[in-house]
2 protein chains.
Amino acid sequence: MTTPTRNRRAEILDAAAALFAERGFHGVSIEEIGAAVGVSGPALYRHFRGKEALLTEILLDISGRLSSAGATAAALDPAEALNVLLRGHIEFALGHPELIRVHERELHNVPEADRRAVRRLQRLYVEEWVGVVRDLHPGCAAARVRAAVHAVFGLLNSTPRSVGELGRAEMAAVLEAMALASLRAAVSGR
Amino acid sequence: MTTPTRNRRAEILDAAAALFAERGFHGVSIEEIGAAVGVSGPALYRHFRGKEALLTEILLDISGRLSSAGATAAALDPAEALNVLLRGHIEFALGHPELIRVHERELHNVPEADRRAVRRLQRLYVEEWVGVVRDLHPGCAAARVRAAVHAVFGLLNSTPRSVGELGRAEMAAVLEAMALASLRAAVSGR
DNA sequence: GCCTCACGTTAGTCGCCATTAACATTGACG
DNA sequence: CGTCAATGTTAATGGCGACTAACGTGAGGC
């Protein structure tokens with residue numbers, strides 16, 4: 001065997017994420033995750049402490065990926081930064097709808113101890129957006145901006161539910177237009 | 001005892017919905033649902049066929065409530081109809097965030113046989129929106145409108161994740177402005 | 001040629017939980 | 001009163017599934 005597969009660990013994480021997205025954390029057994037990568041059952045314990053550790057790692061990775069896309073935006077002027085954040089998020093949501101689903105739905109299955117860390121990353125990501133939007137519209141109350149950003153995430157993350165109706169490029173364009181318009185509307189209210 | 005509680009059945013459904021929203025379908029035991037209404041465990045089987053039947057009924061009820069709010073909109077002119085749909089949805093989302101959560105997350109735990117019925121109601125609701133929006137913007141492709149409507153739902157349903165940052169009235173206003181602006185942006189693209 | 005490490009395997013074990021059984025209680029109603 | 005229907009209760013029962021044990025095996029290093 002000599003691991004012709006790049007990295008068994010990563011392979012398992014991908015398979016688990018896809019299964020969790022489809023049937024939910026409790027709807028998938030360790031055995032099934034193993035089967036999805038060609039080993040069976042308890043082999044996973046050679047790579048992860050347990051099922052929950054798997055989920056934790058998946059969620060941390062997702063949050064990290066989203067945030068890192070935003071880190072490159074930090075140096076730009078606000079308008080450009082917002083574009084980078086927005087395109088990055090859309091790219092990710094259209095490219096990995098399963099991950100978006102897991103990220104949205106499964107936090108409560110992460111053991112209490114690790115949940116703080118996941119939440120911290122999520123909060124950081126939100127604050128990246130909030131910071132950029134506030135730079136663009138300094139007069140707007142922070143609470144309102146935060147609410148608007150959450151709403152935009154909801155809009156962008158709806159992707160996994162409306163798959164394939166539009167081509168990917170058009171879908172991206174529609175989402176971008178909607179996100180920008182709704183943000184503008186939110187911050188211009190006061 | 002003589003049932004001073006209006007209806008045990010409804011009471012159970014409410015408690016179950018709240019618990020499912022908080023910890024997910026599999027994160028809640030029958031025993032806990034019973035405890036939440038002051039009876040314990042298998043008493044629920046006097047009212048429901050089983051745990052899944054409970055969830056099914058909850059989801060059907062939610063979809064029904066959303067749709068019915070929209071049914072009154074049918075007779076109005078498109079612009080008014082959209083307002084009625086939008087305000088109805090916002091009202092519901094802000095008033096029952098738990099139900100929105102359950103509605104979004106738990107469909108896959110409904111037994112195959114009943115899932116069709118739930119999905120049918122959901123589709124009907126989406127089509128109410130799509131119909132109204134297409135009346136308002138006849139030049140826009142149906143697929144694009146559908147995608148936009150899904151995105152708006154995502155926006156409106158983000159509420160349960162951004163609770164309490166804003167007062168309810170302001171939150172409603174923000175959501176309404178964002179939804180209208182994003183819809184307009186989506187349909188004006190082509 | 002051995003030792004050991006990395007990775008797997010199969011066969012338990014154990015606990016949780018939905019569901020069912022068997023047995024009250026109580027109020028309406030004749 | 002006695003009966004019935006509605007509604008609960010507490011003890012099984014049974015299955016599923018996470019996790020652990022005990023046991024290969026093959027590849028490098030020495």
Side-chain angles (χ1 to χ4, degrees), chain A residues 1-59 102 106-115, chain B residues 1-59 102 106-115:
Chain A
M1 298 270 163
T2 67
T3 58
T5 49
R6 252 206 332 293
N7 192 1
R8 190 44 67 92
R9 227 183 123 74
E11 214 182 342
I12 293 171
L13 285 170
D14 287 353
L19 287 169
F20 290 163
E22 196 184 317
R23 307 213 295 275
F25 182 72
H26 291 289
V28 178
S29 72
I30 286 284
E31 185 65 36
E32 287 171 304
I33 299 171
V37 301
V39 303
S40 258
L44 303 195
Y45 289 85
R46 298 292 169 195
H47 302 276
F48 300 93
R49 237 211 238 133
K51 197 185 180 190
E52 286 178 332
L54 247 171
L55 179 63
T56 299
E57 197 152 329
I58 290 171
L59 288 190
V102 175
E106 305 292 358
L107 180 58
H108 62 96
N109 286 313
V110 171
E112 180 59 29
D114 305 324
R115 213 175 305 164
Chain B
M1 299 272 162
T2 64
T3 58
T5 49
R6 253 209 331 293
N7 193 1
R8 191 41 67 93
R9 228 183 121 75
E11 214 182 342
I12 293 170
L13 286 171
D14 287 353
L19 287 169
F20 290 162
E22 197 184 318
R23 307 213 295 275
F25 182 73
H26 292 289
V28 178
S29 71
I30 285 284
E31 185 66 35
E32 288 172 303
I33 299 171
V37 300
V39 304
S40 259
L44 303 195
Y45 288 83
R46 298 292 171 193
H47 302 276
F48 300 93
R49 237 211 236 134
K51 199 185 178 189
E52 287 178 332
L54 248 171
L55 179 63
T56 299
E57 196 152 328
I58 290 170
L59 288 190
V102 175
E106 305 292 359
L107 180 57
H108 61 97
N109 286 314
V110 171
E112 180 59 29
D114 304 325
R115 213 175 304 164

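By convention in this document, chain letters (A, B, ...) are assigned in the order of the sequence lines, proteins followed by strands, and residues within each chain are numbered from 1. Atom set for the values below is all heavy atoms of this structure, side chains included, hydrogens, waters and symmetry mates excluded. Just so it is clear, the structure is predicted and the values come from calculations on it, not from any experiment.
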If the condition is salt bridge (charged side-chain N to carboxylate O under 4.0 Å, His left out), which residues does R49(B) pass it with, not counting sequence neighbours? none
Dump every N/O contact between nucleotides 15-22 of chain C and the protein below 3.5 Å, one line per pair.
unit_1  : atom_1 : unit_2 : atom_2 : d
dA18(C) : OP1    : V28(B) : O      : 3.4
dA18(C) : OP1    : K51(B) : NZ     : 2.8
dA18(C) : OP2    : I30(B) : N      : 2.6
dT19(C) : OP2    : Y45(B) : OH     : 2.7
dT19(C) : OP2    : K51(B) : N      : 2.8
dT19(C) : O5'    : Y45(B) : OH     : 3.1

CZ of F48(A) versus P of dC19(D): gap in Å, rounded? 13 Å
Go through the structure and list residues passing salt bridge (charged side-chain N to carboxylate O under 4.0 Å, His left out) with R46(A), not counting sequence neighbours. none
Taking only side-chain nitrogens and oxygens of H47(A), does any of them come within less than 4.0 Å of OP1 or OP2 of dA6(C)? no
Kindly write out the residues that satisfy side-chain hydrogen bond (donor to acceptor under 3.5 Å, both in side chains) with H26(B), not counting sequence neighbours, or none if the list is empty. N109(B)
For L44(A) and dT20(D), what is the distance between atoms CG and C1' respectively, to the nearest whole Å? 14 Å
Using the salt bridge (charged side-chain N to carboxylate O under 4.0 Å, His left out) criterion, which residues pair with R23(B)? Sequence neighbours excluded. E32(B)
Would you please name every residue forming a salt bridge (charged side-chain N to carboxylate O under 4.0 Å, His left out) with E106(B), sequence neighbours left out? none
